[in-house]
Amino acid sequence: MIVCTAATLTLVAQENRPQRNIRTHVPTDSIRLSDPFILADKATQTYYMTGTGGLLWKSKDLKYWDGPYHVTQTDPHSWMGERPMIWAAELHQYQGKYYYFATFTNHNVKIDTIKGNVIERRACHVLVSDKPDGPYVPMADETYLPANQPTLDATFWVDKDEKPYMIFCHEWLQNWNGTVEKIELKPDLSGVVGGRKVLFRAFDSPWSKEKDEDGKVIPNKVTDGPFVFRTQTGALGMLWTSWVYSDYTQGVAYSASGTLDGPWIQEPDPITPPNYGHGMMFRTFEGKLLLCCHSHYNNRGRYIRIPAFFEVDDSGDKIKVKPLK
């Protein structure tokens, strides 16, 4: 017997909702997208791109895309509410299923006020699907991270202990010195196991900068967009993003132990030109390693963000990033 609750009925209704406003053959530089993330799915020989906004684009060649498609089916009776904002969505294939890591925000729930800033209920969460293009639906646990703390930009990694982990940021709006942290996931990624651990903090960065209230130059307080990778030599690295004054900037750190526990050593300089950030890496079907991030510029007070690609050499202990030819 199948028992249908109000939540499951809503999910069924969403699954049957027709896709609208789908465009075809859209050039990459015509797409406006923050925090792009690409899954290169070998089974379908298709690139799937998502990011902030939670919509999905599909491509066969990384040059032209079809979309955007609605692929998420959140529970309106959960902490997310009826229409959660979605940031920094990622797609990961693991043990025969596809997982959707994202940051969800419920504007109607306020959890804190720090220095005059009201902080809304925001947290990382994981959805699951049998197919790369969804639909992605909730799993067992209703929450992954504490309800009284804003967390964002979750990514996925299986460490040397063969356990799956969520890597995420505790948002600077609350702690005023953003962190990158890890927490173990259940074997099927349906929830978390145990406590969390801080891997590094925003102020550890030697390259990010801002000015305090007295005009003194200090490290920037933002941690954004972690993405873990391993080079061909086995070195463990992590992309992450912050700011150099008004420039959104992509940096990288490396683990001295070769595991998530670190210690994490920050590279002295950014790895991309100014105003590129929130990067991730993937290998094309032809075997080329690319860094995908978004370009970032201010157009009359409005940030314009477009997916951008760089070529990556990971043959050594540290990656080398260069413009894509």
Side-chain angles (χ1 to χ4, degrees), residues 23 26-38 49-55 57 62 65 67-68 85-90 102-105 107 114-120 122 150 152-153 155 169-178 180 202-203 205-227 239-252 266-281 290-310 321-324:
R23 294 181 286 159
V26 180
T28 303
D29 59 9
S30 294
I31 296 174
R32 301 296 178 260
L33 180 64
S34 298
D35 316 327
F37 189 98
I38 291 178
M49 180 169 66
T50 187
T52 287
L55 302 177
W57 294 83
L62 295 175
W65 300 83
M85 177 183 287
I86 301 176
W87 287 355
E90 298 189 0
T103 306
F104 298 88
T105 299
H107 292 302
I114 303 293
K115 298 189 178 184
N117 292 319
V118 176
I119 300 174
E120 299 171 336
R122 175 176 299 127
L152 73 166
D153 292 1
T155 192
C169 300
H170 181 186
E171 192 171 24
W172 67 271
L173 284 171
Q174 187 176 56
N175 59 27
W176 226 243
N177 181 9
V180 172
F203 286 5
S205 167
W207 52 263
S208 67
K209 296 178 177 63
E210 64 175 304
K211 290 185 179 180
D212 64 15
E213 296 176 354
D214 299 323
K216 179 182 176 181
V217 176
I218 61 173
N220 194 279
K221 53 187 168 288
V222 173
T223 49
D224 229 19
F227 177 82
L239 302 173
W240 70 285
T241 300
S242 190
W243 295 78
V244 178
Y245 303 119
S246 61
D247 293 337
Y248 196 61
T249 304
Q250 179 72 70
V252 65
Q266 304 292 332
E267 287 293 281
D269 301 306
I271 60 170
T272 59
N275 286 316
Y276 288 89
H278 204 109
M280 59 81 60
M281 294 190 296
L290 298 184
L291 184 150
C292 177
C293 58
H294 68 244
S295 62
H296 175 107
Y297 68 93
N298 190 325
N299 182 11
R300 299 178 182 178
R302 180 172 174 238
Y303 286 122
I304 306 298
R305 293 172 172 175
I306 302 170
F309 298 103
F310 291 85
V321 178
K322 59 184 179 181
L324 182 63

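For the single chain, residues carry numbers from 1 onward in sequence order.
- No donor-acceptor pair closer than 3.5 Å links the side chain of Asp153 to the backbone N or O of Ala88.
- Annotation: the span from Gln250 atom CD to Trp240 atom CH2 amounts to 10.0 Å, rounded to 0.5 Å.
- Proximity of Phe104 to Ile86: side-chain heavy atoms (C-beta onward) are separated by under 4.5 Å at one or more points.
- Distance check, rounded to the nearest 0.5 Å: NZ of Lys322 to CG of Leu291 gives 13.5 Å.
- Between Thr28 and Ile306 the shortest heavy-atom distance is O-CG2, 3.9 Å.
- Here the side chains of Thr249 and Asn220 are not in contact, with every heavy-atom distance at 4.5 Å or above.
- Side chain of Glu210 to backbone of Lys221: a donor-acceptor contact under 3.5 angstrom is found.
- Shown here for Pro206 and Gln266, the closest heavy-atom pair between the two residues is CD-CB, 3.5 Å.
- Looking at Trp57 and Pro68, their side chains come closer than 4.5 Å, going by heavy atoms from C-beta outward.
- A distance of 12.5 Å separates SG in Cys293 from CZ in Phe227, rounded to the nearest 0.5 Å.
- At a threshold of 4.5 Å between non-hydrogen side-chain atoms, the residues Trp207 and Ser242 count as touching.
- Between His170 and Pro150, the closest heavy-atom pair is CD2-O, 3.3 Å.
- Between the NE2 atom of His294 and the CD1 atom of Ile31 there is a distance of 14.5 Å, given to the nearest 0.5 Å.
- Residues Phe37 and Met49 form no side-chain contact, since every pair of their non-hydrogen atoms from C-beta on lies 4.5 Å or further apart.
- Arg122 pairs in a side-chain hydrogen bond (donor to acceptor under 3.5 Å, both in side chains) with only one of the listed residues (His107, Gln174, Glu171), which is Glu171.
- With contacts defined as side-chain heavy-atom distances shorter than 4.5 Å, the pair Leu290/Ile38 does not qualify.
- Annotation: the span from Ser34 atom OG to Trp87 atom CH2 amounts to 10.0 Å, rounded to 0.5 Å.
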For residues 270-280, dump all side-chain donor-acceptor pairs below 3.5 Å to protein atoms at least two apart in sequence or in another chain.
{"residue": "Asn275", "atom": "OD1", "partner": "Tyr248", "partner atom": "N", "Å": "3.1"}
{"residue": "Asn275", "atom": "ND2", "partner": "Asp247", "partner atom": "OD1", "Å": "3.2"}
{"residue": "His278", "atom": "ND1", "partner": "Asp35", "partner atom": "OD1", "Å": "3.1"}

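- With a 4.5 Å cut-off on side-chain heavy atoms, Asp224 and Leu152 count as touching.
- Here the closest non-hydrogen pair linking Trp176 and Phe203 is O-CZ, 3.9 Å.
- Within the 4.5 Å cutoff, the side chain of Thr50 has no heavy atoms near those of the Glu90 side chain.
- Heavy-atom minimum distance, Gly178 versus Asn175: N-OD1, 3.3 Å.
- Closest non-hydrogen pair, Pro226 versus Cys169, comes out as CD-SG, 3.6 Å.
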